[in-house]
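Let me begin by presenting the structure, written as structure tokens, before commenting on it.
Just so it is clear: chains get the letters A, B, ... in the order the sequence lines come, proteins before strands, and each one is counted from 1.
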Protein chains: 2
Amino acid sequence: MTQPIAQALSARLRDMILAGEFQAGQHLREVQLAQLFGASRTPVRLALAANEKDGLLEYSPNRGYVVRPFAGEDIAAAFEMRAQIEGLAARKAAERGLSPEAARRIAETIDTDARVLSGDAPLDDGAREAWRANNAVFHKTIIEAADNRFIGPALQTVQRIPGVYPPVLASYDPVLLRKYNGHHRRIGECILARQGTRAEFLMREHVFEAGEDILTSLHPAHGPTQDLAGAAE
Amino acid sequence: MTQPIAQALSARLRDMILAGEFQAGQHLREVQLAQLFGASRTPVRLALAANEKDGLLEYSPNRGYVVRPFAGEDIAAAFEMRAQIEGLAARKAAERGLSPEAARRIAETIDTDARVLSGDAPLDDGAREAWRANNAVFHKTIIEAADNRFIGPALQTVQRIPGVYPPVLASYDPVLLRKYNGHHRRIGECILARQGTRAEFLMREHVFEAGEDILTSLHPAHGPTQDLAGAAE
DNA sequence: GTCGGTCAGGTTGTATGCAATCTCATTATC
DNA sequence: GATAATGAGATTGCATACAACCTGACCGAC
């Protein structure tokens, strides 16, 4: 965290970058942002430095900050990291075991999602919001159960990517969401059964597939094969 | 990175924290540090914010920064993350394949280490420095070969831990170093053979064991079992 | 016409002053 | 004696002034 105003500016700036309000490579001038935010250069400078640390900006001495570009391979790399780290979280959660409260929350998100997705019609706004919230709770609960203080921050930096920020989520295609709901159910079962290895790899695959689906929705031309799967084999 | 002076101060402050020159929980006052560094509060404030982002300090609004304490379980958690991320790096390096130059560098570190460790006498300073440098090259080469821009930064935050910073390295016990040299050789072989899964798990285990060894050397009383292995099983 | 130098404008880097907040010892009250 | 209120000192938060640096246009030399 940062200072009262600087803290708020850092978050506002981050949201603007994630929302794509700046072009990749754009030079962010301190005075310009200061006027935009109605503050002085001092908190703006802190906000810029914070977002650089988060990987959203690039810094050059005496030249300032530019918006970092994110190409398809960067998004693929981010999902690789997410898959690896959330895999660790699932394994640790299975090994440590869930608290009754955590188990209840996970079961509830899975059941609620299944009910929301049971129909055939495209999802309305309420259903999409319900799914988004449940998805967040599912992953967050597992991450907390893993009880490793480095997991949360590490995940944030690979999740907060312009253009792929969770709210996008593969256009909420019901077919995909039903698939994910199935993943969640099996992952939850593995964790409850204390099967750490299965939980790890199911979670890894779950996140990896979600990344593939998002890349596919971004580049409908060439499938995800080129993007996410490595060159080898 | 940050600004010229602020950048340097950030690194100096980080090194001081890693070297244990502050007590855990100690309040770092801006004017005090500014006098120590011979600068004004402005770059000091940036350095503090940068080290907070790196997880070495904790911030409270209007109260400033205190040195973050690292307990045994934090060190164990950091090695868990390192094992998981370097495992990903090894797998990706195996899947993508090494460049001839990378393969040569890795082979060289392994062979040189084997030669340095061939004797029975405790290592002199030169030998220790040689091992440290080779170890760094070995891991760095694999990380670069993985070609995932999120791996490097993520590893830095879990490697830079007060009291466990690499230079310590389990007191350079030749028995341990020979074991690690064997790990390196097998990991290198797996990567060259494009065996990603084996490379991943050998690397995971390599880092995990190194963490165990360091925790053992820190708490000779209770073995690493309680610290690194989870509660389950 | 091309290359190098120079200067003005603009942008970042640092220092400092003032306001807001916190800390903690002292005092007043019950 | 314990607890709450108060106020002075110290510390952080922000704004602003000045210095250093970079950028790009203009000009002159070859």
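Tyr180(B) and His206(B) have perpendicular rings, their planes meeting at more than 60° on a 0 to 90° scale where under 30° would count as parallel.
Atom pair Leu9(B):CG and dG13(C):P shows a separation of 14 Å (rounding to whole Å applied). Atom-to-atom, CZ of Arg45(A) to P of dA15(C) comes out at 12 Å; the value is rounded to the nearest Å. Residue Leu46(B) contributes atom CG, which lies 15 Å from atom P of dT12(D) at whole-angstrom precision. As rounded to whole Å, 16 Å separates atom P of dA17(D) from atom CD of Glu30(A). One interatomic measurement links the two molecules: CZ of Arg29(B) to P of dT21(C), which rounds to 20 Å at whole-angstrom precision. The CG atom of Leu33(B) sits 13 Å away from the C1' atom of dT11(D) (whole-angstrom rounding). The distance between atom OH of Tyr65(B) and atom C1' of dC22(C), rounded to the nearest whole Å, is 16 Å. A straight line from CD of Gln35(B) to P of dA15(C) spans 13 Å, rounded to a whole angstrom.
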Mind listing the N/O atom pairs, protein and nucleotides 16-18 of chain C, below 3.5 Å?
unit_1: dT16(C); atom_1: O4; unit_2: Thr42(B); atom_2: OG1; d: 3.3

Where do N or O atoms of nucleotides 19-23 of chain D meet protein N or O atoms at under 3.5 Å, pair by pair?
unit_1: dT23(D); atom_1: OP1; unit_2: Arg63(A); atom_2: NE; d: 2.9

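Annotation: of the two residues near DNA chain D, Pro43(A) and Gly64(B), the 5′-most nearest-nucleotide partner is Gly64(B).
Checking dT11(D), dA15(C), dG13(C) against the side-chain heavy atoms of His27(B) singles out dT11(D) as nearest.
Using a 3.5 Å distance cut-off with no hydrogens or angles, the side chains of Tyr65(A) and Asn51(A) do not pair a donor with an acceptor.
Evaluation of the side-chain contact (heavy atoms from CB on, under 4.5 Å) rule for Ala154(B) yields Met81(A), Ile85(B) as partners, not counting sequence neighbours. The side-chain contact (heavy atoms from CB on, under 4.5 Å) test applied to Ala93(A) returns Leu98(A), Ile142(A), Ala145(A), Ile191(A), not counting sequence neighbours. Evaluation of the salt bridge (Lys or Arg N to Asp or Glu O under 4.0 Å) rule for Asp147(A) yields Arg96(A) as partners, not counting sequence neighbours. Arg104(B) meets the salt bridge (Lys or Arg N to Asp or Glu O under 4.0 Å) test with Glu101(B), Glu108(B); sequence neighbours excluded. Residues passing the ring-ring contact (aromatic ring centres under 6.0 Å, His included) test with Phe138(B) are His184(B), sequence neighbours excluded. Glu200(A) is linked by a salt bridge (Lys or Arg N to Asp or Glu O under 4.0 Å) to Arg91(A), Arg204(A), Arg204(B), counting only residues two or more places apart in sequence or in another chain. For Glu129(B), the salt bridge (Lys or Arg N to Asp or Glu O under 4.0 Å) partners are Arg132(B), not counting sequence neighbours.
Contact annotation: Tyr59(B) side-chain N/O to dG13(D) OP1/OP2 distance is under 4.0 Å.
Nucleic acid contact for Leu28(A): sugar-phosphate only, since backbone atoms but no base atoms lie under 4.0 Å from a heavy atom of the residue.
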